[in-house]
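Every number for a ligand or one of its atoms is a count from 1 in the order of the listing. Values below: every heavy atom of this structure, side chains too, minus hydrogens, waters and symmetry copies.
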Amino acid sequence: MKVTKFGGSSLANAFQIQKVCNIVLSDDDRKIMVVSAPGKRTKDDTKVTDLLIAVAKARLAGNEYEKELQAVLDRYIEIADELNIEKVLPGIEDKLRKIADADYTDDIKYLDSVKAMGEDCCARLVAYYLNASGHKARYCDPAEYGLYLEHDVQGKAVILDESYTNLAKLAEDTDTISVFPGFYGVSKNGEIITFSRGGSDITGSILAAAVNAEVYENWTDVDNVFAVNPSLVKNPFPITEITYDEMRELSYAGFTVLHEEAISPVFSKGIPLNIKNTNNPSAKGTWIVSKRTHYDSLVTGIAGDKGFATITVDKYLMNHQVGFLADLLKIFAEEGLSIDHIPSGIDTVTIVLRKKYFTQEKEERIVNRIEKELGAKCKVDRDLAIVMIVGEAMANSVGIMARAATALSNAGINLRIVNQGASEISMMFGVSESYCSYAVRVLYKELFRY
Ligand code: ASP
């Protein structure tokens, strides 16, 4: 059994939805499909999810929201009209209005429930269309199938383990195509919880793991994942094969092809993930696997991401003080902050974390605690981008760090942090945010245009 997930651009209009259905119908093993909300039809268009966010924001601000809601409905009307399935529309409108008009005293819960409707309505529409064209299909309600989520300490949606057992029943009826909405699940109380943006990738991965799929196909609008963001470099090197570990590192550092959290469910089961192009289904795409069969290049990919902060903690004779690091890390744990990297010197240690969680309020509290409880000095810097060079083949070759550092230095880029883990799968450079894209381009030129 193959689990297929289709992104927003693959479902943006009736023509794309027809392509998606043809892809699913062309292979008998494609029995479970996960759909995103309809995305942009043109470059300047608005995604349905963003239209829904506008509905929720208007309502939360106490404003009239009919115009915003109509904009969402218009997208489904256009699709249903072209597919000749207008009968699906009253059900969609009814559901949308009920959710949009519901209680909004808890703004986060309200926003989540409205946001999820892009996927929900899309799944209803696709299942309806398949049935109308003579193929057995069903819309799968995540609440009914037991896709349970909760929020972790940082407010992120995480899956409850029992969901995997619940969702395994999707594999039972192989006669029918299951159409599952991506991006959201429910709490044990039945309240809708969404993943972060792009989260339908996670739903697909969860379903693939739950049914022990032979492959998780993630259908998007590019033939391959590229070694570098194509908006930074012309005709970048295509990646035909990449390991979960490499992909995880690249997604962490800003690769947007796949959601960062989408690797883990399939990784735990060793299910290969194939990224494919809805507009060119015969292209082989990129395979994300546990073990490589070949290497096309020494470096697999280069990525950069802004939005990091550093706290450098300084205390004379730190290296002699037993338990100093444990006490320092405890402060971050107690403040509910996860740490990304910890480069250190003899008497200094730097904590690198994401700015979006390290609010000004947390900064004040943490700095205060470090100074008072540990008697150390602190310096906070909120201008850090992380650039990563990733590739398993690097483990057996000499001189890549030297080439990378020389290229960056020749380009006048100051390296604030350098880190290479013992696994040698990646090298990390910390640079000022304004140098992020430039550093990625410099490294790509050096390491791919040999
Ligand atoms: N529709 C959601 C978004 O635009 C989730 C997804 O497409 O994966 O982020």
Under 30°, 30 to 60°, or over 60°: which ring-plane class applies to Tyr444 and Phe448, parallel, tilted or perpendicular? parallel

Phe267 vs Tyr244 aromatic rings, parallel, tilted or perpendicular, using cut-offs 30° and 60°? perpendicular

Cut-off 3.5 Å, side chains only: do Tyr252 and Asp340 have a donor facing an acceptor? yes

Say whether Asp74 and Gln70, considering side chains only, have a donor N or O and an acceptor N or O under 3.5 Å apart. yes

In order of chain and number, which residues sit within 4.0 Å of ligand 1 by heavy atom? Ser36, Ala37, Thr49, Glu119, Phe183, Arg197, Gly198, Gly199, Ser200

Assess, by modelled atom type and distance only, whether the side chains of Asp101 and Tyr65 contain a donor and an acceptor separated by less than 3.5 Å. yes

Check against side chain to side chain contact (heavy atoms under 4.5 Å, CB included), Lys188 and Leu160: CA-CA 9 Å; Lys188 286 308 276 274; Leu160 297 186; 4.0 Å; yes

